[in-house]
Amino acid sequence: MYAGAKAFFYALSRSASLKGLASKYGMRSCDSFARRFIAGETVEEAIETSRRVQAEGLHLTLDYLGESVRTAEEANAATRAYVRLLDVIVAAGIERNISLKLTQLGASIDRATCVDNLRRILEPAGRHGFFVRIDMENSPWTQMTLDIFETLWQQEYRNVGVALQAALHRTERDVQRMNELGARVRLVKGAYKEPETAAYQRKADVDAAFLRLMRILLDEGTYPAIATHDPAMIDGTRAYAAGRGIGKDRFEFQMLYGIRRDLQAQLSAEGYGVRLYIPFGREWFPYFMRRLGERPANLGFVMRGILREK
Ligand SMILES: Cc1cc2nc3c(=O)[nH]c(=O)nc-3n(C[C@H](O)[C@H](O)[C@H](O)COP(=O)(O)OP(=O)(O)OC[C@H]3O[C@@H](n4cnc5c(N)ncnc54)[C@H](O)[C@@H]3O)c2cc1C
């Protein structure tokens, strides 16, 4: 079921007719179904959501949605949009933290284009005191993502970190490498349907790997982000940190906008740093479908939403 649901929703995410239907109804009004997970299609909506999130004492990272762009023009446009986003965030006075995907910046066109585009973002981001997180995409991109990250790290861009996925067999080595560099890691379970050769297929195995990697990151990492909504992972992290005398200021929890708001508030009230990943933009369909794949029960509110709006 765990891998099966992801595969099913991945197949659906490639359906043009479903995308058309979802795009028509998903964000149409302020209570449309996609708004549960996506802050809006415009940067203004994202800033408004960010202000609300900050007022609740939570931290944030803003993600301008987009991935798998096919042309250098599209990658250039996404890069320019991110550079503009930096200015908007500075002007709005909200927290300076963004997340991005390398296939949005041209990784699938060629590596040099992507490195150049990422540098165009990291440079002003560094000047304005931003932290930039590189999301991790599916496993064909893992090595390239880490190579591009290291290329820029070696060029002294240090306001940047990566996400690593517990589901992948390779991740312990990658965690160790990031710890050697002193780079900040966001640990996630992994949102993509992966082959057995690359990743654990059973939830129990992914969970065990997540806890193992969390311990390495808490012991040896640089301000790791433990990004999960799973109470067992969160409790495991809290217990391990408390047992080792690792202070609440040495790591943070991260969750996705719209998921487990109760847990977000509870952890924040207990004094843990909690950062929300806030996605916005018109290209929300693949992101939205991954959220459905993680919890097929979410399909219920989507169907109710479509029926109500039709
Ligand atoms: C801040 C952040 C950044 C991320 N960045 C990346 C990335 O760069 N690359 C990547 O591959 N993945 C990323 N992910 C997604 C991650 O890999 C998982 O797919 C996702 O977090 C679900 O796993 P979980 O740890 O919450 O555990 P699960 O075992 O999947 O879920 C635990 C519980 O959380 C709740 N829950 C989980 N997902 C949902 C949902 N969609 N809707 C409603 N409730 C839900 C349910 O109560 C569920 O029982 C990110 C996640 C977070 C929180």
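Every number for a ligand or one of its atoms is a count from 1 in the order of the listing. The first residue of the sequence shown is numbered 1, and numbering continues consecutively from there. The figures that follow rest on heavy atoms only: side chains count, while hydrogens, waters and symmetry mates do not.
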Peer 1: On a heavy-atom basis, I'd like to know which of Glu294, Gln254, Arg260, Gln165 is closest to atom 19 (O) of ligand 1.
Peer 2: Glu294

Peer 1: Does Ser268 reach the main-chain N or O of Gln264 with its side chain, forming a donor-acceptor pair under 3.5 Å?
Peer 2: no

Peer 1: Check each atom of ligand 1 against the heavy atoms of Asn298 and keep those under 4.0 Å away; list them by number with element.
Peer 2: 40 (C), 41 (N), 42 (N), 43 (C)

Peer 1: When you look for heavy atoms under 4.0 Å from ligand 1, do you find them on the side chain of Arg186, its backbone, both, or neither?
Peer 2: side chain

Peer 1: If you measure every N/O of Asp207 against every N/O of ligand 1, is any gap under 3.5 Å?
Peer 2: no

Peer 1: Provide the number and element of each atom of ligand 1 under 4.0 Å from a heavy atom of Arg291.
Peer 2: 15 (C), 40 (C), 41 (N)

Peer 1: Please identify which atoms of ligand 1 are closer than 4.0 Å to at least one heavy atom of Asp135.
Peer 2: 8 (O)

Peer 1: Looking at non-hydrogen atoms alone, which of Arg36, Lys101, Lys189 comes nearest to atom 29 (O) of ligand 1?
Peer 2: Lys189

Peer 1: Is Glu283 paired with Lys101 through a side-chain N to carboxylate O contact shorter than 4.0 Å?
Peer 2: no

Peer 1: For ligand 1, is Arg290 a contact, meaning one of its heavy atoms is under 4.0 Å away?
Peer 2: no

Peer 1: Might you confirm whether atom CZ of Arg127 has over 12 heavy atoms from other residues, nucleotides or ligands at distances under 6.0 Å?
Peer 2: yes

Peer 1: I'd like to know if the side chain of Gln266 and the backbone of Asp262 have a donor-acceptor N/O pair within less than 3.5 Å.
Peer 2: no

Peer 1: Heavy atom to atom 25 (O) of ligand 1, shortest distance: which of Thr228, Leu256, Asn138, Ile226 holds it?
Peer 2: Thr228

Peer 1: Would one find an N or O of Gly190, backbone or side chain, under 3.5 Å from an N or O of ligand 1?
Peer 2: yes

Peer 1: Counting each atom of ligand 1 from 1 as listed, which ones have a heavy atom of His229 under 4.0 Å away?
Peer 2: 21 (O), 24 (P), 25 (O), 26 (O), 33 (C), 34 (O), 35 (C), 37 (C), 53 (C)

Peer 1: Give me the ring orientation class for Tyr277 and Tyr287: parallel if the planes are under 30° apart, tilted from 30 to 60°, perpendicular past 60°.
Peer 2: parallel

Peer 1: Is there a path of hydrophobic side-chain contacts, each under 4.5 Å between heavy atoms of I/L/V/M/F/W/Y residues, joining Ile234 to Ile259?
Peer 2: no

Peer 1: Can you find an N/O atom of Leu292 closer than 3.5 Å to an N/O atom of ligand 1?
Peer 2: no

Peer 1: Below 4.0 Å, non-hydrogen atoms only: which portion of Ala163 touches ligand 1? Side chain, backbone, both or neither.
Peer 2: side chain

Peer 1: Does atom CZ (Arg177) have a neighbourhood of more than 12 heavy atoms from anything else shown, all under 6.0 Å?
Peer 2: yes

Peer 1: Any ion pair linking Arg202 and Asp207 (charged N to carboxylate O, less than 4.0 Å)?
Peer 2: no

Peer 1: Taking only residues at least two apart or on different chains, which pairs with a member in residues 160-184 satisfy ring pair (Phe, Tyr, Trp, His ring centres under 6.0 Å)?
Peer 2: His169-Tyr200

